**Q** 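Structure incoming, see below.
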Number of protein chains: 2
Amino acid sequence: MAEASPISVAFGKAIRQERRKKGITQEELAEKCGLDRTYISQIERGLKNPTLPVAWELAINLEINFVTLMAAALQHIPGASH
Amino acid sequence: MAEASPISVAFGKAIRQERRKKGITQEELAEKCGLDRTYISQIERGLKNPTLPVAWELAINLEINFVTLMAAALQHIPGASH
DNA sequence: GTGTGACTTTAAGTCCGTA
DNA sequence: ATACGGACTTAAAGTCACA
């Protein structure tokens, strides 16, 4: 499958990082969010471009501030100084 | 058209706010972003759920930090303490 | 200069499976 | 517990004519 946009790739890395930090599985996170497990997998691997509501839901269920999550994502982008 | 999710509605308000702050029109912003003017209109009115890459592109062309933009969006959500 | 509805095309998001 | 793929359904992307 083709890779998504840089921001989505970075977002995926942040999600994986936070999920592991919480010690939960993709399946658990998926269920909490009401999303499919394979979709979480695709997001974490940077293969999909999630919508704002999806990003929001992920933040809520990872119990991390939405803005903090976005900031974490930016850490994974080389030229992240906008 | 049906209203989008709360985060998208809030995001739309932030976009409109920042765009006006920059003193540019929807048409100008649309051209910079390579998007359609009417699509910008729909986002600002909270009728669409933009993807991360779209939000990213808007931030770049509004010359605002992505995280800052998201923080501005949260200001428009009542219970924004996640 | 923007709002709006209807529209077509593309990608998000699901569900099945295999490894 | 996750990667990966194919086929599928739904929603977002993107456009247009008109008010």
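Chain letters run A, B, ... following the sequence lines, proteins first, then strands; residues in each count from 1. None of the values given here were measured: they were computed from a predicted structure.
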**Q** Within a radius of less than 6.0 Å around CD of B:E27, do more than 12 heavy atoms belonging to other residues, nucleotides or ligands occur?
**A**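 Incorrect, the count does not exceed 12.
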**Q** Applying side chain to side chain donor-acceptor pair (under 3.5 Å), name anything that partners A:Q17, two or more places apart in sequence or on another chain.
**A**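 For A:Q17, the residues satisfying side chain to side chain donor-acceptor pair (under 3.5 Å) (neighbours in sequence not counted) are A:H76.
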**Q** Who pairs with A:Q42 by side chain to side chain donor-acceptor pair (under 3.5 Å), at least two apart in sequence or on another chain?
**A** none
**Q** Taking side chain to side chain contact (heavy atoms under 4.5 Å, CB included) as the definition, give me every residue that meets it alongside B:R20, ordered by chain and number, with sequence neighbours left out.
**A** B:R16
**Q** Strictly below 4.0 Å, heavy-atom distances to any atom of DNA chain D: list the hits from residues 40-50 of chain A, or just say none.
**A**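 A:S41, A:R45 - these, ordered by number, are the residues of the stretch whose heavy atoms sit under 4.0 Å from the strand.
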**Q** Enter the distance from B:F11:CZ to B:K48:NZ here, rounded to the nearest 0.5 Å.
**A** 14.5 Å
**Q** Reading DNA chain D in the 5' to 3' direction, which nucleotide is the first one with an atom under 4.0 Å from a heavy atom of chain B, and which is the last?
**A** D:dA12 to D:dA17
**Q** Of all heavy-atom pairs between B:A4 and B:V9, which one has the smallest distance, and what is that distance?
**A** O-CG2, 4.0 Å
**Q** Check whether any side-chain heavy atom of A:L58 lies under 4.5 Å from a side-chain heavy atom of A:I64, and answer yes or no.
**A** no
**Q** Can you list the residues that meet the side chain to side chain donor-acceptor pair (under 3.5 Å) rule with B:K32, with sequence neighbours excluded?
**A**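 Scan of B:K32 (side chain to side chain donor-acceptor pair (under 3.5 Å), adjacent residues dropped) gives none.
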**Q** Any salt bridge (charged side-chain N to carboxylate O under 4.0 Å, His left out) pairs touching residues 58-76 of chain A, not counting sequence neighbours?
**A** A:K22-A:E63
**Q** With sequence neighbours excluded, tell me which residues meet salt bridge (charged side-chain N to carboxylate O under 4.0 Å, His left out) with A:R19.
**A**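 Partners of A:R19 by the salt bridge (charged side-chain N to carboxylate O under 4.0 Å, His left out) criterion, ordered by chain and then number, come out as A:E44.
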**Q** Mind listing the residues from residues 31-38 of chain B sitting with a heavy atom below 4.0 Å of DNA chain C? Number order is fine.
**A**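 Only B:R37, B:T38 qualify.
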**Q** Under 4.0 Å, heavy atom to any atom of DNA chain C: which of residues 7-21 of chain A qualify?
**A** none
**Q** Among residues at least two apart in sequence or on other chains, which ones pass side chain to side chain donor-acceptor pair (under 3.5 Å) with A:S8?
**A**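 Once residues adjacent in sequence are excluded, the partners of A:S8 under the side chain to side chain donor-acceptor pair (under 3.5 Å) criterion are A:S5, A:N49.
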**Q** For B:A71, enumerate each residue passing the side chain to side chain contact (heavy atoms under 4.5 Å, CB included) test, keeping only those at least two apart in sequence or located in another chain.
**A**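 Per chain and number, B:A71 pairs via side chain to side chain contact (heavy atoms under 4.5 Å, CB included) with A:V67.
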